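Below you'll find the structure, written out as structure tokens, and then a few comments.
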Amino acid sequence: MPRLKARFDRLSHLFLPLSVLVILLLINLIKGADYFKITMVNRVLYGNIPNILFGASELVILSIGMTLVTAAARGQDISIGESGAISSAIFVQYVLNAGEVTIWTILVGLLISCVAGIVIGAFNGTLVSFFNVQPMVATLILFLGGRSIAFIIDGKVSPILANPISNQIGTVIKGVPIQTPIILTAVFIVIVSVVLKVTNLRLYVEAVGINPNTARLNGINPKRVIFLTFLLMGICSAVAGFIAVNKVGRHDSVNLLKFIMMDAILAVALGGNSLSGGKFSITGSIIGAYTIEVLNRTLLRLEVNPEAIKAFKAVFIIILMVLASPVVRVYAKKVMDKAKAFVAGKAARQTGRLKKAVVSITDSSVKKEE
Amino acid sequence: PKTIKVGIVNLPPEESGYRQANVEDMNQVFSKANGYDAKQTNTADNSEQMAAAMGYIRDGVDYLLISAANASGWDDVLLAAKRAGVTVILFDRLIDTDPSNYQAALVSDMYYEGQLATDWVLANVQAPRNVILIRGQLGSAAEVGRSAPLLKAEAEGKLNIVWDGTGGDTWSLEEARRVVEAAIAAGKDFNVIYAQNDGMAQGACQALEAAGIRFGKNGKVKIIGFDFNRFALRNVQAGYWDADVQCNPRMATQIDQWIKSGNIPKGIVYQKEIILDTKTITDDHIAKYGINPDPGRGVITR
Amino acid sequence: MGALNPNKTKTRMSNSTLLFIIAGIIFLVMYGIALLTFPLSFKQFQTFFDFFNLNAALFIVTLGMCIVMIGGGIDISVGAVCGLVTMACAVLLESGAGDIWDALFLSLGIGLAFGLMHGYLIAYLEIQPFIITLAGMFLAQGLLTTLHREPLNVTKPAFVALRSVRIEIPWLGTVNRLGVFIPCEIRPGVLVVVALVIIYAIMMKWSRFGRNLYSVGGNRQSARMLGINVKKTMFFSYVLCGLTAGISGFVFLITTGAGNIGNGSLFEMKAIAANVMGGILLNGGVGNLLGAPIGTLTLLTINELIRAAGVQSNLQAIVSGLLLYIFIMLQSIIMSLRDRKNFRLVLPSWLKLHRPVEGK
Amino acid sequence: MPSEIILKMEGICKSFPGVRALHNVDFVLRKGEIHALMGENGAGKSTLTKILNGVYEKDAGLIILEGKPVHFKSPQEAQNMGVGTVFQEIALCPNLTVAENMFIGRSRNAFVNWRQMNEKAAEMLGSLGIPASPTQELASCSIAVQQMIAIARAIDMDCKILILDEPTSSLDEDEVQKLFALMRELKARGVGIIFITHFIDQVYEISDRITVLRNGELIGEYETPELPQIELVSKMMGKALSDVSAMKKHEPPKSDDRVPVFEAKGLSSAVGVRPFDFSIHKGEVNGFAGLLGSGRSESVRAIFAADKVTGGEVKINGKRVKIKAPLNAMKLGIGYLPEDRKSEGVIDELSVRDNIILALQVMKGFFKPLSRKQAEEFANQYIKLLEIKTPSLDTPVKSLSGGNQQKVILARWLLTNPMYLILDEPTRGIDVGTKVEIQKLVLKLAQDGMSLTFISSEIDEMLRVCSRMIVMKDREIVGELSGADLTEQNVMQMIAQGGK
Ligand SMILES: Nc1ncnc2c1ncn2[C@@H]1O[C@H](COP(=O)(O)OP(=O)(O)OP(=O)(O)O)[C@@H](O)[C@H]1O
Ligand SMILES: Nc1ncnc2c1ncn2[C@@H]1O[C@H](COP(=O)(O)OP(=O)(O)OP(=O)(O)O)[C@@H](O)[C@H]1O
Ligand SMILES: [Mg+2]
Ligand SMILES: [Mg+2]
């Protein structure tokens, strides 16, 4: 029993993102009861849920990286979209120049684009860790210039990735009833959780994020840890870029993963993580990312006037964040406690004075002992 | 002959695929080889644009080409240009000012493009015409222009817009896909998708495909895109989509001709633009008008 | 210990001052180089004045951002609020429902409303500033499109008269291509910038609010223990920033004369970049308010340099990123050099007190 | 002393998640008295004062200030009503100047008069002999100086009640005396002073009355002269303590190994200690003595490479090694407990468990995480050994009392089982009982073959455990004492005369 409670306590940080997600899902359910309905279309699962999982795949992957960067570097990487655009441009160039496209071509391309992502991460990471530049400022550089770089890599056009394998990665593999990006995302999440399991990444990142000085005196090199998180962010961007470009089938350096950093940061925050670093929850961020996807779709589902859609989104975010606010939670807890006390008080009154007497006796006996 | 000094004030290529093509076109035509000494400044900020324009005027250029981020506030700049004897030619975007303040303006008429597409719908789709409108970046000239004729047609009762969605800040495929998915989930009955650029049309098709809804020449839903990307034209050619409307980013050649011939028209000149559908499209069209790479005949880009 | 005479202790320059001086020097050096390489453009005074004339709104936004940054916060809604104000005022003026004063009050009101909302949610409900101001940005953008989607020119005569006000400096000016002498001119927005810089600089240096804000930005917990009303201070910083964004919207409208969806877009990023170049750190607690205009000038000089050099279109963003990069590196290198050496220079040897400050 | 009651706290209760920090505590403070608040680590002393000055909100109880019930929601309100505080962990703003730190949050003027402020500050600093300039950034002052600035601020505040939460823990004897002089002056002016410390001698030197807390409960209030020291200690600990005095007689172990475990020649670091030689043998406990700021911490930091090492040669067991970063030192079997607990010791948001296993985990390497079970076992073992008061293993370490945090760090290093352990002020902020425990522990570890360096600002504490004392002055080693020469008298003399 205490074990169970301990486990529950450990999961309590997920209460917030989950409750937010549930609220949104409820709204959707009220709008139409068939919300969770899943059908088979061309032998592939189809419905709102698969659509959400499909649509959020890049965001989920990016928010994982963003969580790590936020935790260690106490700031955000705002160049993730650009970084994804650059590494996927390299991927596309590789594939287009590779002649016949086989699964190996794609895999090698992915590897190369991951390397590109790592290089980009190293650039940002160097600035942040070794030159002490705040993350948002360091990554502002690529945020400003990144898309131009991608465009130049593209050869100043928008190259087309029209091959059957890319198509299958972007949609479905024949015979598999689930869209490939969903599977890839799941695989990625599994890899991340394995990495967290077999390494001390979490301890290092949290230690550095909370108190780099202490971390250093305990043998952790904070600079290297921060640098590492940026490298991981680079990999995440590359993978997200890979999925995105295969979905689209065309490298559009302008629109690929545009403004996604805002959503990723939002996902981290909705996941209950502090944007000023320290302890983190990747599960929370993942739920946060799906929540944002659901939110975006909810606004569409509610048929909000396109002119006002952003305003509504803002209102939703504000409401969600207010519900999640520590102050409100403390207040709510107080109210709950009072309510509980009231109910308990009623019960106590019914059991009569007997109990009270017992309590006072034990009380005084305790006092005497001293 | 003496090199002609030109200052170009344009929007940044990162703005859109259309803009990239436009910027590249300008750079290619106004080149050293072509007898120009041209500089181009790309920014989406009106103030920075004006600063750049003033800079070019101070530099003493012969021609100042402007594609304004913002249609207003340019009077000072134009006046300064006039005082300094600089010929101003507007391209792509008009400026809200007295026409005497500039020499010529060569622009795409987004409203006209929208009209072409709307007319096509009215002519080629049987009533009831239930349209999903997928808007591009809200408030941009293209979005405003291309939406208006359709909204007007709806107001006149010629068609119904059953779903009106937007990409918000972007012209992104994903947003378009989401919009159509939402419409499908809501059980809307529709037979036209009016996507305000090719990428968004592509996103819409992906959503339809995943939902198992047939579209294109032989399907229930008609797909219309804009911009004449070659991949889009190939899709139309294959009957996978139904129509595409041109939006020509290439204005430089025309302006170059004007300058070289010394015969610059006065006032606003609209570019000629066309709509192609499965019946009218030819390889020639694709080769001649298309932008971006050509996936090749018969290749459909999903 | 008693033998130590405190008067002998020479003061080490504070981070704020040092960063400000670096910013100032880099700007001057850069402007000097610009003058030498592109005299055609930079030698004309009007170039300098135009920085202010055309970018008054950006200067103002940067000031507001500077204040929240010193308080350890961030407000990324400023650009969107600025844009919303231009549109709201344009709609107001064009619909004939109000005159210029009404428009001014409207801009202040909108700015204030956003500032109050941000301030309350961030300071009192302890929600993360980035998220709330992101929502604020969405809200402003959404309201703008709901209000009016297309660009809207203000044609009201009184307004047009106001926005064509020019202050000419007859003894400064240039002769243009046709040999006509053009005097330098200053537009009304510039006066607002100058006034705000003075007021804010005084406020940050001498007012209780300003000093409290530094302390809150430096260490919130300590500030509270020192008896500072942290929440109130943070609250006011956001209110002030919102208000400033409102003012900037009005100035933007005076500068360009139209409400437009694109007005003020990306101002938040520019403002952050400008402030960082002006030596104001995102961590909070460090920076001199005068750094904000210096940083903005640096940013604008970079733009003008890129224009004058005729950098190829697709490279413009990359080059400006690169210049930002060099700038940041310089700043960082100087700061770390000082951390290594400076003690020996400034302090007597027995007073070499050094322990890196936590959290850098 | 029937003087007027200025403050009355009645039935104060306060709970934190998982802990009952205070239960039904009464406290009375009179005008012009110095009232010591005593108790073991985690007894609730800081919590009680923090409730008084508005940092925490009480769950129940009454605070009556000058006859009026008050309820402070923030330190600001308390300050305005005349309650000044020096916090246990220094709470000043590093990015402001010294003068600002002394005056900020106090004036209600809308504007700051810099000149006047600097002048006043300079005056204060001068009269207290604090070696800092008013216009200097606080970050560039040492902890001790910061502590004194905090005191100066509180003293200057013209308050009715002054709370001093372990103000003397980082001060040396001289400064303590200066502080006491000031306290007496304030007392004469009628200020009620709440004084928290773990130095029992200081309590008897300065206080008029003592209130003892234990486990969040009030044990009693006593007139200082009427409460014998031994009784006070046993009241604090809740058991008769015969071994307090017994402790003093421990004989430091002698080592006869020829090759030192650790040896340094000409070691110097980037923060400016003069190059020094140092060595320590197996099973030896040595200490560094010296005045505040004499470079004791800097020296041991150089050994551990906590600051950048700029020169020198290091041998471990006679073999030359390179120590460039703390990790090298750790891998070579050196451990270091830093003196600044807050900024270098704990990782405050991490759990007690993670804090305990941190160093061991890092030494094992990035790819070899301990299993959860193992980690819990280790942590539990040391929580028991050091009697760390924590509600659970998952409690963030920041919600432990100061002294218990210190024990967590000690546990962390003991867990790595180092060959040579450096303890810089390990007993700072630790109650008498535990202090004795720690001293015993040090001796036991030494007997088991560990070498230790033990630095403390209390000389007698060092004399009790160290077999050799290295004396420093002005950042230089001026001499060494051991064996029969090692007496307080000699140490003092050496510090004063700088060697011979
Ligand atoms: N912010 C907090 N959150 C949770 N628990 C806390 C918090 N502050 C104090 N506690 C708990 O309250 C109890 C009393 O702590 P307090 O700091 O008052 O002790 P103390 O008597 O000052 O001890 P020390 O001498 O070690 O400073 C401890 O058990 C501590 O863990
Ligand atoms: N004369 C001085 N005046 C002010 N600060 C000094 C002086 N000398 C040294 N310091 C600073 O005081 C701090 C304490 O010095 P250090 O830790 O080396 O001495 P210590 O002997 O260990 O003293 P402590 O008792 O504080 O641990 C250091 O940061 C040092 O830079
Ligand atoms: Mg305490
Ligand atoms: Mg020390």
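On a predicted model such as this, the values are computed, not experimentally measured, just so you know. Naming: A, B, ... by sequence-line order, numbering from 1 per chain.
In this structure, no portion of D/Thr97 lies under 4.5 Å from any heavy atom of chain C. For D/Ile104, the parts sitting under 4.5 Å from any heavy atom of chain C are the backbone and the side chain alike. Neither the backbone nor the side chain of D/Lys342 comes within contact range of chain C; no heavy atoms are under 4.5 Å apart.
A donor-acceptor contact under 3.5 angstrom links the side chains of D/Thr310 and D/Ser268, judged on distance only. One side chain, D/Asn53 or D/Thr85, offers a donor N or O that lies under 3.5 Å from an acceptor on the other.
Highest contact tally toward chain C, considering only D/Asn101, D/Leu128, D/Asn113, D/Asn109, is held by D/Asn109 [criterion: heavy-atom pairs under 4.5 Å]. Among the candidates C/Val286, C/Val230, C/Ile228, the residue making the largest number of heavy-atom pairs closer than 4.5 Å to chain D is C/Ile228.
A salt bridge links C/Glu126 with C/Lys231: at least one charged nitrogen is closer than 4.0 Å to a carboxylate oxygen. A salt bridge between D/Lys50 and D/Glu57 is absent, with no side-chain N of the basic residue lying under 4.0 Å from a carboxylate O of the acidic one. Classification of D/Asp156 and D/Arg106 as a salt-bridged pair holds, one side-chain N sitting under 4.0 Å from a carboxylate O.
The distance between the ring centers of C/Phe235 and C/Tyr124 falls below 6.0 angstrom.
Against chain D, the residues from residues 204-216 of chain C that qualify, each with a non-hydrogen atom under 4.5 angstrom away, are C/Lys205, C/Trp206, C/Ser207, C/Arg208, C/Arg211, C/Asn212, C/Tyr214, C/Ser215 in number order.
In this structure, C/Met269 places its CE atom where more than 12 heavy-atom neighbours from other residues, nucleotides or ligands lie under 6.0 Å away.
Between D/Phe304 and D/Tyr336, the two ring planes are tilted [angle within 30° to 60°].
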